Amino acid sequence: MATPVSAALPIGEEREKAFKMAEVEMDYRVDLYTRLTNSCFEKCIDHKYKDGDLNVGENSCVDRCSAKYWQVVGIVGQLLGGQQGQ
């Protein structure tokens, strides 16, 4: 019977590994959010700022763009997750 990873590592190393994994995850999520905002901003927002708020068209475009972006991220994640299992 194999021993769990947590039993094999000393507490300090386990904690360090958990912090490193959390850091990598946070970097990934920040990058993902930055790419989403840049992509949808370029696509949906008029560069001639006339108003301090989004108009109805821009607002609905950003909603659709972000929904599609998250959908694609989910599909790609599933595909990559499926490849790791092979």
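Keep in mind it's a predicted model, so treat the numbers as computed, not measured.
For E23, the side-chain contact (heavy atoms from CB on, under 4.5 Å) partners at least two apart in sequence or on another chain are K20, D27.
Rounded to the nearest 0.5 Å, atoms NZ (K43) and CG (N38) are 15.0 Å apart. A distance of 12.5 Å separates CD in E58 from SG in C40, rounded to the nearest 0.5 Å.
Grouping Ile, Leu, Val, Met, Phe, Trp and Tyr residues whose side-chain heavy atoms lie under 4.5 Å apart, directly or via other members, places I45 in a hydrophobic cluster with F41, Y49, L54, V62. Listed by chain and number, the hydrophobic cluster partners of L36 are Y28, L32, Y69, W70, V73, where partners are ILVMFWY side chains within reach of under 4.5 Å, directly or through others.
Here the shortest heavy-atom pairing between T34 and T37 reads O-OG1, 3.0 Å.
In this structure, the side chains of C61 and R64 come closer than 4.5 Å at one or more pairs of heavy atoms.
Between E13 and K17 there is no salt bridge, since none of the side-chain N atoms of the basic residue sits less than 4.0 Å from a carboxylate O of the acidic one.
A donor-acceptor pair under 3.5 Å is absent between the side-chain atoms of E42 and the main chain of S39, judged by distance alone.
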